[in-house]
Amino acid sequence: MSSTKSPDEKYSGFTAEERAAMKEHAREQKKAAARRGASKAEKEAAAEQDVLAKIAEMPDADRALAERIHEIVKTAAPDLAPKLWYGMPAYARDGKVVCHFQSAEKFTSRYATLGFSDQAALDDGAMWPTSYALKGKELTAADEQLISALVKKAVG
């Protein structure tokens with residue numbers, strides 16, 4: 001069987017950022033396994049503390065956005081549970097991530113991202129956005145209203 005790549009093309013594998021995210025995910029899974037004997041309320045409180053600690057580690061601009069996103073999501077969809085997902089603050093229903101915040105620093109991007117998974121009920125015809133770029137330290141009132149509306153729609 002021959003390869004379609006030329007001899008000069010080499011698969012470089014995952015980026016350092018992608019490998020770091022996978023390692024964070026493995027640590028998150030180990031932490032979750034260690035909490036198996038805890039009550040649901042204890043698990044949820046610990047997961048939220050993990051999210052808040054991750055947000056606190058972020059650079060100023062990302063931290064300001066992540067804190068605001070956290071507040072908006074908790075207000076718009078209080079039934080979503082905060083949790084870490086590949087080292088990112090995420091919000092899940094029944095353990096499945098609906099939306100997440102990705103800091104600009106995480107993958108050395110020029111902007112942070114608010115993303116929605118396939119669990120989000122955002123379907124609109126044959127095509128719709130699943131992530132939104134967030135730039136700067138502050139969201140406008142209109143930005144916050146849009147995020148709140150998206151989160152509410154995402155949870156149905």
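This is a predicted model, so every value here is computed, not measured. Count residues from 1 along the sequence.
Counting only residues at least two apart or in different chains, ring pair (Phe, Tyr, Trp, His ring centres under 6.0 Å) contacts with residues 136-156 are absent. Applying the side-chain hydrogen bond (donor to acceptor under 3.5 Å, both in side chains) test to residues at least two apart or on different chains, the pairs with a partner in residues 101-127 are E24-K106. For residues 71-96, the pairs satisfying salt bridge (Lys or Arg N to Asp or Glu O under 4.0 Å) are E48-K74, R68-E71, with sequence neighbours left out.
Distance alone, capped at 3.5 Å, is enough to place a donor-acceptor pair between the E18 side chain and the T15 backbone.
The structure places NE2 of H100 at 5.0 Å from CH2 of W85, a figure rounded to the nearest 0.5 Å. Considering OG1 of T75 and NE2 of H70, their distance stands at 9.0 Å, rounded to 0.5 Å.
Residues satisfying the side-chain contact (heavy atoms from CB on, under 4.5 Å) criterion with Q145, sequence neighbours excluded, are absent altogether. Residues passing the side-chain contact (heavy atoms from CB on, under 4.5 Å) test with D60 are R63, K137, sequence neighbours excluded.
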Kindly determine whether K40 and K43 satisfy side-chain contact (heavy atoms from CB on, under 4.5 Å), including the steps that lead there.
CA-CA 5 Å; K40 183 178 178 182; K43 288 178 191 176; 5.7 Å; no

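Considering all non-hydrogen atoms of both residues, A47 and P82 come closest at CB-O, 3.4 Å.
Here V51 is tied into one hydrophobic group with I55, M58, L65, I69, I72, V73, L80, L84, Y91, V98, F101, L114, F116, L122, W128, Y132, L134, L139, L146, I147, L150, V151, V155, each link being a pair of ILVMFWY side chains closer than 4.5 Å.
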